[in-house]
There are 2 protein chains.
Amino acid sequence: IVHVNGLYKKYSDGEKELTVLKDINLCINKGELVSITGPSGSGKSTLLHILGILDSSTKGVLKYDGVDISNMNENEKSALRNRKIGFIFQFFHLFSELTVIENISLPLMIKNKRNRLLNKEHKAVEQLIQEIGLEKRSLHRPNQLSGGEQQRVAIARALVNQPEIIFADEPTGNLDKENRESIYKLLLNLNKDKGITIVIATHDEAFAKTTPRMFKLVDGYVM
Amino acid sequence: IVHVNGLYKKYSDGEKELTVLKDINLCINKGELVSITGPSGSGKSTLLHILGILDSSTKGVLKYDGVDISNMNENEKSALRNRKIGFIFQFFHLFSELTVIENISLPLMIKNKRNRLLNKEHKAVEQLIQEIGLEKRSLHRPNQLSGGEQQRVAIARALVNQPEIIFADEPTGNLDKENRESIYKLLLNLNKDKGITIVIATHDEAFAKTTPRMFKLVDGYVM
Ligand SMILES: Nc1ncnc2c1ncn2[C@@H]1O[C@H](COP(=O)(O)OP(=O)(O)OP(=O)(O)O)[C@@H](O)[C@H]1O
Ligand SMILES: Nc1ncnc2c1ncn2[C@@H]1O[C@H](COP(=O)(O)OP(=O)(O)OP(=O)(O)O)[C@@H](O)[C@H]1O
Ligand SMILES: [Mg+2]
Ligand SMILES: [Mg+2]
């Protein structure tokens, strides 16, 4: 369960200060499927990065299962991210020197502190690659992939460690209708069948309205 | 007027060869507004890069106003790109060390072979920045912008030289509804009022159906 209290995020650029998130208070229960919508620049990516422990807030409290994140050291945060959190970035952040298979396998190798996969892990990765429809591209590197193909690799990578919570930042922005629906179906099934908590920032309002719970961010405030 | 005849694009990776575009034949008339749709991986970005003279085809002919592009040297191609073509990339390709203003101004400085803008040019850039709603972010650098803000900078940059033809690769993939509509309106007006030829690759089928002409790419073929 993720708990946020009095959260602010400010950027300062010398003299100018920009407050992007203003007094955010919310909680996300285990197993929930939540969408976060809002105009461009309203703070969705910023909020998701803070919730996903990829960035720190300027002020306020973030708790995971009752534990205040600010009381954790870097190793503890890193372990929490690697084992429990899956993050799908708006712009993927794939490793350009690694193939599709290697990019997806990496979090698994980090978690197991090994530089190769067991047979069953290999099967799990191949299964994921099939689910995102990229069997024919598994040996390509990111710059040999289309935009939507890169996006799907980023999605698979976030799922490979079977995280407890997934943060998805615009996971379908570059996908065609068919792929969009199959990714939504994939996420919905992970939520229903495996109880994975899912938080999706999206401009797809039609989809956002189908999620059981929706937060609207306007100018840094949650409505 | 852009003319394509028997166009193929193949990638080879050692032994494997992948044919992404297959025998493309089409022409785009001056002042047309055309959309190119198709599933993820169907070849839209690849086709747009070739049409925009950013990449070469494996086989086939590309003509601009009757001139075969393969007969041009690099300087001639570069001049044609800079003066007549505006390209909006699916993933923006902004310069990370430059501010919003500098990123947008760059093509103008290249065209005029000057490292600063005249007063009237400065005004034109500021006008564009207003049209895309980024006055409050003009001194930010790309990593200080949201996804949709970066996309809008990429759009403005493609327009600053008042090109004769604009290639837009998924120009609204990261935009909210309001920004999406204002970008479409901006492009429509450039087409109607200034006669600029516009070619848009998009997953937004609702929008694609509103363009006077639509090509559907399926597995590298134009339908
Ligand atoms: N490092 C930074 N320094 C200054 N301002 C920043 C920085 N990073 C982001 N911002 C600003 O914070 C605001 C919120 O950014 P954020 O990326 O969270 O928006 P968003 O809701 O994800 O938008 P989009 O829908 O366009 O992706 C933006 O207006 C952006 O300009
Ligand atoms: N350098 C490359 N080497 C090998 N294959 C490539 C290379 N670049 C692209 N491809 C392949 O070419 C196909 C078409 O890519 P392209 O980027 O044109 O698709 P697209 O229609 O723009 O897709 P999307 O809607 O996902 O952006 C993809 O299947 C991709 O894997
Ligand atoms: Mg964002
Ligand atoms: Mg593309």
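Below, chain A is the first sequence line, B the second, and so on; all start at residue 1.
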The interface call for A/L18 against chain B, heavy-atom contacts under 4.5 Å, is side chain
Max heavy-atom pairs within cutoff under 4.5 Å with chain B, candidates A/G41, A/G147, A/G173, A/G148, goes to A/G147
Report the distance from atom [atom1] of [X] to atom [atom2] of [Y], rounding to the nearest 0.5 Å.
X: B/L128; Y: B/L108; atom1: CG; atom2: CG; answer: 9.5 Å
X: A/L186; Y: A/I132; atom1: CG; atom2: CD1; answer: 9.0 Å
X: A/I24; Y: A/I50; atom1: CD1; atom2: CD1; answer: 8.5 Å
X: A/I200; Y: A/L187; atom1: CD1; atom2: CG; answer: 5.0 Å
X: B/I196; Y: B/I166; atom1: CD1; atom2: CD1; answer: 4.5 Å

Polar contacts chain A-chain B (donor-acceptor, d < 3.5 Å, no H, no angle):
unit_1 : atom_1 : unit_2 : atom_2 : d
A/S40  : N      : B/D176 : OD1    : 3.2
A/S40  : OG     : B/R152 : NH2    : 2.8
A/Q90  : NE2    : B/N174 : OD1    : 3.1
A/R152 : NH2    : B/S40  : OG     : 2.9
A/N174 : O      : B/H203 : NE2    : 3.1
A/N174 : OD1    : B/Q90  : NE2    : 3.1
A/D176 : OD1    : B/S40  : N      : 3.2
A/H203 : NE2    : B/N174 : O      : 3.2

Which of A/L94, A/L98, A/V153, A/L159 passes side chain to side chain contact (heavy atoms under 4.5 Å, CB included) with A/I104? Answer is A/V153
Taken in chain and number order and not counting sequence neighbours, the residues that satisfy ring pair (Phe, Tyr, Trp, His ring centres under 6.0 Å) with B/F92 are A/F91
